[in-house]
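Just so you know, these numbers use all the heavy atoms, side chains as well, and skip hydrogens, waters and symmetry mates. A quick note: this is a predicted structure, and the numbers were derived from the prediction, not measured.
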Amino acid sequence: MKLTIVEYPDKRLREKSCEVKDFDDSLHELLDAMNPLMISTNGIGLAAIQVGHPIRALILNIPDEEGEQPPENLLEIINPVMTHKSGETTYQEGCLSVPQFYEDIKRYENIIINYQDRYGNTKTLEANGLLAIAIQHEMDHLEGILFIDKLSYARRKKFEKEYKKMQKERKNSK
Ligand code: Y12
Ligand code: CO
């Protein structure tokens, strides 16, 4: 399956993703194709909507101390629901759908989620630090929310101006 990253301001990123009901081959094929795309583009998290599939599925692979992302560290999270959130942390976030931009975003420091794996088995995950931040960023994608939506009015205006300029430059260099 050939996948490409949907980039802001594509309207598909604003869609609310639908619950996954069938844990079948087509879901597995999608997840299997998302992983190499995420790794090859230096990503640590990717939601299905970012590759044009509006379903509540996301993958994560947080780099280890050596900066490696071995396949055994891959997390596949389907139909996540947050059951606990506490604390506060700020991290400079980036997104494969908003290339070349990084902004400080406030998130919960500790979370607990219930989710399903690719076979439909129910799981619970307690996360903190970078994993908790990444899960919240990816769960926002399922609601059509991007990290840039959390910027102040002034920062967002600055972002829009710079992003448009960057897009023009990219178009001209093609
Ligand atoms: C902390 C904060 C945010 C997340 C969400 C997942 N975000 C990413 O995986 C971002 C990846 C990313 C990769 C880039 O590199 C390439 O595209 C080659 C990148 O650089 C450029 O756009 C030039 C930007 C973002 C998880 C944890
Ligand atoms: Co993102």
Side-chain angles (χ1 to χ4, degrees), residues 3-20 30 34 37-63 67 69 75-115 125-174:
L3 298 176
T4 50
I5 305 267
V6 175
E7 289 186 3
Y8 181 78
D10 194 307
K11 285 192 171 58
R12 286 175 289 173
L13 291 169
R14 296 311 188 176
E15 266 183 69
K16 188 171 153 73
S17 294
C18 295
E19 184 185 347
V20 174
L30 174 64
M34 284 170 63
L37 179 63
M38 177 180 76
I39 299 296
S40 67
T41 50
N42 294 333
I44 61 177
L46 186 65
I49 190 65
Q50 291 181 270
V51 291
H53 291 254
I55 62 165
R56 301 184 84 77
L58 60 97
I59 62 169
L60 295 160
N61 196 333
I62 304 297
Q69 294 172 291
L75 268 171
E76 295 175 336
I77 295 179
I78 323 289
N79 299 329
V81 176
M82 207 177 291
T83 58
H84 170 85
K85 50 196 186 194
S86 63
E88 194 181 289
T89 185
T90 300
Y91 190 84
Q92 196 169 57
E93 297 188 15
C95 178
L96 288 172
S97 294
V98 189
Q100 294 177 27
F101 277 87
Y102 302 88
E103 292 284 353
D104 277 351
I105 303 293
K106 224 192 288 176
R107 301 278 186 189
Y108 297 108
E109 166 82 44
N110 316 289
I111 60 167
I112 300 176
I113 57 165
N114 291 337
Y115 68 99
L125 175 67
E126 192 170 346
N128 48 51
L130 187 54
L131 178 59
I133 293 165
I135 291 172
Q136 290 169 78
H137 176 113
E138 298 309 329
M139 283 182 70
D140 272 353
H141 276 296
L142 308 184
E143 305 303 324
I145 297 168
L146 300 173
F147 76 110
I148 50 169
D149 300 339
K150 297 179 183 292
L151 300 176
S152 67
Y153 180 77
R155 285 299 297 146
R156 179 61 180 263
K157 277 218 64 128
K158 189 165 178 276
F159 160 79
E160 294 293 347
K161 200 171 158 200
E162 289 172 4
Y163 194 78
K164 270 195 192 110
K165 186 165 170 255
M166 181 274 289
Q167 278 188 309
K168 228 180 238 169
E169 285 164 5
R170 279 169 98 202
K171 207 171 150 195
N172 291 338
S173 70
K174 272 182 192 164

Checklist entry - Of the non-hydrogen atoms in Leu142 and Ile55, which two are nearest, and what is the gap between them? => result CD2-O, 4.1 Å
Item to check | Closest contact, heavy atoms only, Arg170 versus Pro99 | outcome: NH1-CG, 3.6 Å
May I ask you to test the [X]-[Y] pair for a side-chain heavy-atom distance under 4.5 Å?
{"X": "Pro80", "Y": "Ile135", "result": "no"}
{"X": "Asn79", "Y": "Asn114", "result": "no"}
{"X": "Leu30", "Y": "Val51", "result": "yes"}
{"X": "Val6", "Y": "Glu15", "result": "no"}
{"X": "Leu130", "Y": "Tyr91", "result": "yes"}

Look at the side chain of [X] and the backbone N and O of [Y], then say whether any donor-acceptor pair between them is shorter than 3.5 Å.
{"X": "Gln69", "Y": "Gly43", "value": "yes"}
{"X": "Gln50", "Y": "Ala47", "value": "yes"}
{"X": "Gln136", "Y": "Tyr108", "value": "yes"}

Checklist entry - Taking only residues two or more places apart in sequence or in another chain, which ones pass ring-ring contact (aromatic ring centres under 6.0 Å, His included) with Phe101? => result Phe159, Tyr163
Item to check | Verdict with reasoning, Glu88 to Glu109, per side chain to side chain contact (heavy atoms under 4.5 Å, CB included) | outcome: CA-CA 5 Å; Glu88 194 181 289; Glu109 166 82 44; 5.8 Å; no
Next on the checklist: Check Arg14 with Asp149, please: is the shortest side-chain N to carboxylate O separation under 4.0 Å?
Outcome noted: yes
How long is the span from the [atom1] atom in [X] to the [atom2] atom in [Y], to the nearest 0.5 Å?
{"X": "Ile145", "Y": "Met139", "atom1": "CD1", "atom2": "CE", "answer": "10.5 Å"}
{"X": "Leu60", "Y": "Leu125", "atom1": "CG", "atom2": "CG", "answer": "9.0 Å"}
{"X": "Ile112", "Y": "Met82", "atom1": "CD1", "atom2": "CE", "answer": "11.0 Å"}
{"X": "His53", "Y": "Arg12", "atom1": "NE2", "atom2": "CZ", "answer": "9.5 Å"}
{"X": "Ile49", "Y": "Glu143", "atom1": "CD1", "atom2": "CD", "answer": "11.5 Å"}
{"X": "Asn110", "Y": "Thr89", "atom1": "CG", "atom2": "OG1", "answer": "9.0 Å"}

Checklist entry - Can Leu96 and Leu37 be said to form a side chain to side chain contact (heavy atoms under 4.5 Å, CB included), step by step? => result CA-CA 10 Å; Leu96 288 172; Leu37 179 63; over 6 Å; no
Checklist entry - Listed by chain and number, what are the side-chain hydrogen bond (donor to acceptor under 3.5 Å, both in side chains) partners of His137, not counting sequence neighbours? => result Glu93, His141
Item to check | Candidate pair Leu131 and Ile111, rule side chain to side chain contact (heavy atoms under 4.5 Å, CB included), full reasoning | outcome: CA-CA 9 Å; Leu131 178 59; Ile111 60 167; over 6 Å; no
Next on the checklist: For Glu160, run the side-chain hydrogen bond (donor to acceptor under 3.5 Å, both in side chains) check against Lys158, Lys164, Arg156 and tell me which one passes.
Outcome noted: Arg156
Checklist entry - Can Tyr8 and Gln167 be counted as having a side-chain donor-acceptor contact under 3.5 angstrom? => result no
Item to check | side chain to side chain contact (heavy atoms under 4.5 Å, CB included) evaluation trace for Thr41 with Leu46 | outcome: CA-CA 10 Å; Thr41 50; Leu46 186 65; over 6 Å; no
